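Down below is the structure, laid out as structure tokens.
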Amino acid sequence: MNFTPDEWRAPFGQGGSPWDGQFYVEMAQTLERACFDYIMIEDKLMVSETYGGSRELGLRSGVMVPKHDPVPLAVAMGMATNHLGIVATMSTLAYPPFLLARLCSTVDSLTKGRFGWNVVTSAENLAAQNFGLDKLPARELRYEMAEEYMDVVGKLFDSWEEGAVRLDREAGIYADHTKVHPIDHQGKFFKVRGPLNTVRSPQGRPVYVQAGASPRGRDFAARYADSIVSVASGVAEMKVFRDDIRARAAAVGRNPDTIKVLFCVTPTLGETEAEARERHDRMLNAPHFIADMLASVSAITDIDFAKFDLDQPLPERLVTNGEQGTLDKFQQWGSGKTLRQLVVDGAGGIVSSVELIGTPKAVAARMGEVMEEVGGDGFLITTPILRVGRRYLVEVADGLVPELQRLGLTRTEYKHKLLRDNLQEF
Ligand SMILES: Cc1cc2nc3c(=O)[nH]c(=O)nc-3n(C[C@H](O)[C@H](O)[C@H](O)COP(=O)(O)O)c2cc1C
């Protein structure tokens, strides 16, 4: 989810303004009731001007903008829940590593060990221009910087050893200074002395979530991530992606079972299969759907889709310095489909790895089959234009999840305190 407006065009929204965070806090509570591992708050750091070369459509429709900062929301969600993991997106382009490590440490303590960081490098020129750059560094360089960044924050998280806080009244010692160390990092991109001035947080460091899709991005994810979120086209591709990540992880000496790969899906639910299909078709045929989807894909991929004919195939395979994986999934190069078909495909194509349309019972059974074929680890439930209303939450939490629980596919209660431990359960 994103800290954005709700489905404001649709008859069932959130009720009230999204900006006081109350709806999203209730969303976290709803997902906790359904025993989800985590809620992920995505983020971008610009007002896109890619679609049609203008801010107009994004702003007029409320697509990918406005977006409020995920971190304060993560804190509000964490304070209102007890078990759910809360993952916030922060860009290595935007935060100096010391500030990010300190923020993550603070939020992990505030949430009693349930915080996760979605590690992104940012993928848009317009975002780079908000941080003193003329344009986005090339992907290779972004990942090279991000690798050193992970090294720095890792050392900062460990700059307080376990047990550094003694709180020994008799000896008059709050913290044992021999267990708090500077890191004296001096690398190609960063120079950081350390130590952190926050105590070691319950998880030591936040859970790392990542979504690298390019070969370089996958290597990065396989090296660092506790959980990887991905979009694939169908079951076979899901399996190939997960196997590939596991092989890359093993190659750098990690146990692949400790990395949880979650595939994005957008279930459409109904009391009957026909009702679910009808709702799905209605969404696709809504007057603004095509333009909203294209504005959203344009913002994410830095490619202006307004310049292509909707009823023709794309003229060439498109390449971006932005999110290439997302672009490839969307453009289905070689399929001969028109742009309109690409948008309609799989409820907008960019977000659902497999089609899930039907009753909660049928969709739960299909999710089980898919996981069986893929080999694991789970799904990340999302929505086509990344906006969510209250009704959809209830359908998922009180319709779909109980069916998954009946099949023994998801938990009925949390067994651990820390997000990292809960994540390892499935
Ligand atoms: C499910 C999912 C969620 C993502 N969330 C964000 C996000 O919130 N912010 C962001 O800047 N990038 C986000 N990304 C983009 C990824 O971080 C990454 O840049 C993208 O998948 C392309 O991979 P590559 O950089 O290896 O080409 C997301 C990607 C996926 C698949």
Side-chain angles (χ1 to χ4, degrees), residues 1-4 38-48 50 64-65 67-71 73-74 86-95 116-128 130-131 136-147 149-150 208-225 227-233 237-238 241-242 244-245 248 260-266 296-297 299-303 318-331 348-353 378-387:
M1 49 83 43
N2 288 248
F3 194 175
T4 52
Y38 63 74
I39 183 167
M40 177 166 135
I41 317 170
E42 296 182 304
D43 198 28
K44 291 282 175 195
L45 294 164
M46 80 292 174
V47 175
S48 182
T50 310
M64 303 297 282
V65 66
K67 276 186 202 255
H68 282 206
D69 194 301
V71 183
L73 182 63
I86 320 278
V87 176
T89 300
M90 282 176 272
S91 169
T92 54
L93 185 84
Y95 288 80
W117 169 32
N118 178 30
V119 185
V120 301
T121 59
S122 285
E124 308 82 16
N125 284 323
L126 287 170
N130 288 332
F131 296 92
L136 189 68
R139 181 180 295 106
E140 283 295 311
L141 180 60
R142 294 204 303 273
Y143 278 117
E144 195 190 337
M145 291 171 75
E147 264 163 22
Y149 196 104
M150 297 309 284
Y208 294 150
V209 178
Q210 226 275 322
S214 61
R216 189 77 162 87
R218 290 181 191 200
D219 273 340
F220 180 82
R223 183 178 292 273
Y224 297 105
S227 179
I228 293 175
V229 290
S230 175
V231 186
S233 307
E237 209 177 272
M238 289 164 75
F241 178 83
R242 180 170 177 271
D244 180 60
I245 289 288
R248 288 173 198 263
K260 302 299 168 184
V261 180
L262 309 186
F263 290 97
C264 292
V265 285
T266 59
S296 141
V297 183
I300 293 172
T301 60
D302 255 358
I303 301 260
L318 304 170
V319 179
T320 179
N321 184 28
E323 293 190 27
Q324 185 67 44
T326 311
L327 179 61
D328 284 339
K329 155 90 174 124
F330 176 72
Q331 67 181 327
I350 57 161
V351 286
S352 203
S353 302
F379 295 101
L380 182 74
I381 295 183
T382 177
T383 54
I385 308 179
L386 305 173
R387 296 191 292 218

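Quick caveat: nothing in here was measured; it's all calculated off a predicted structure. Start at 1 and go down the list; that is how both ligands and their atoms are numbered.
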- Task: Determine whether any heavy atom of Ala123 lies closer than 4.0 Å to an atom of ligand 1.
- Result: no
- Item | Heavy-atom nearest neighbour of atom 21 (O) of ligand 1 within options Ala213, Ala211, Gly212 | Ala211
- Message: Please state which option from Arg216, Glu323, Lys44 has its nearest heavy atom closest to atom 22 (C) of ligand 1.
- Response: Glu323
- Query: Is Gln210 in polar range of ligand 1, meaning some N or O pair under 3.5 Å apart?
  - Reply: no
- Task: Could you please spell out the steps behind the side-chain contact (heavy atoms from CB on, under 4.5 Å) verdict for Ser122 and Phe131?
- Result: CA-CA 11 Å; Ser122 285; Phe131 296 92; over 6 Å; no
- Note on the structure: Heavy-atom closest pair (Ala225 atom, Gln210 atom, distance to 0.1 Å) is CB-CB, 3.9 Å
- For ligand 1, which atoms have a heavy atom of Arg139 less than 4.0 angstrom away? 27 (O)
- Task: Number the atoms of ligand 1 from 1 as they appear, then name those within less than 4.0 Å of a heavy atom of Gly217, with their elements.
- Result: 26 (O)
- Atoms in ligand 1 with a heavy atom of Cys264 nearer than 4.0 Å: 1 (C)
- Can you list the ligand 1 atoms lying under 4.0 Å from a non-hydrogen atom of Met40? 3 (C)
- Task: Please indicate whether any nitrogen or oxygen in Arg142 is less than 3.5 Å from any nitrogen or oxygen in ligand 1.
- Result: no
- Query: So, are Glu147 and Arg216 salt-bridged, with charged N and O less than 4.0 Å apart?
  - Reply: yes
- atom 26 (O) of ligand 1 [closest protein heavy-atom partner, distance rounded to 0.1 Å]: Ser214 OG, 2.6 Å
- To which protein heavy atom is atom 4 (C) of ligand 1 closest, and what is the distance rounded to 0.1 Å? Glu42 OE2, 3.2 Å
- Thr382, portion touching ligand 1 at heavy-atom distance under 4.0 Å: neither
- What class does the angle between the rings of Phe241 and Phe263 fall in, given that below 30° is parallel, 30 to 60° is tilted and above 60° is perpendicular? perpendicular
- side-chain contact (heavy atoms from CB on, under 4.5 Å) evaluation trace for Val261 with Met238: CA-CA 10 Å; Val261 180; Met238 289 164 75; over 6 Å; no
- Query: Does the side-chain contact (heavy atoms from CB on, under 4.5 Å) test come out yes or no for Phe330 and Ile303, once each step is laid out?
  - Reply: CA-CA 12 Å; Phe330 176 72; Ile303 301 260; over 6 Å; no
- Counting from 1 in the order shown, the ligand 1 atoms closer than 4.0 Å to a non-hydrogen atom of Thr89 are 7 (C), 8 (O), 9 (N)
- Message: Against ligand 1, does Tyr143 come closer than 4.0 Å with any heavy atom?
- Response: yes
- Check: Arg218 N/O within less than 3.5 Å of ligand 1 N/O: no
- Query: Starting from atom 17 (O) of ligand 1, which protein heavy atom do you reach first, and at what distance in Å?
  - Reply: Val120 CG1, 3.5 Å
- Query: Does the ring center of Tyr208 lie less than 6.0 Å from the ring center of Tyr224?
  - Reply: no
- Message: Under a 3.5 Å threshold, yes or no: a donor from one side chain and an acceptor from the other, between Tyr38 and Ser227?
- Response: yes
- Among protein heavy atoms, which sits nearest to atom 8 (O) of ligand 1, and what does the distance come to when rounded to 0.1 Å? Asp43 N, 2.8 Å
- Donor-acceptor under 3.5 Å (Arg218 side chain, Ile245 main chain): no
- Query: Is the shortest side-chain N to carboxylate O distance from Arg248 to Asp244 below 4.0 Å?
  - Reply: yes
- Tell me, do Pro137 and Leu93 make a side-chain contact under 4.5 Å, heavy atoms counted? yes
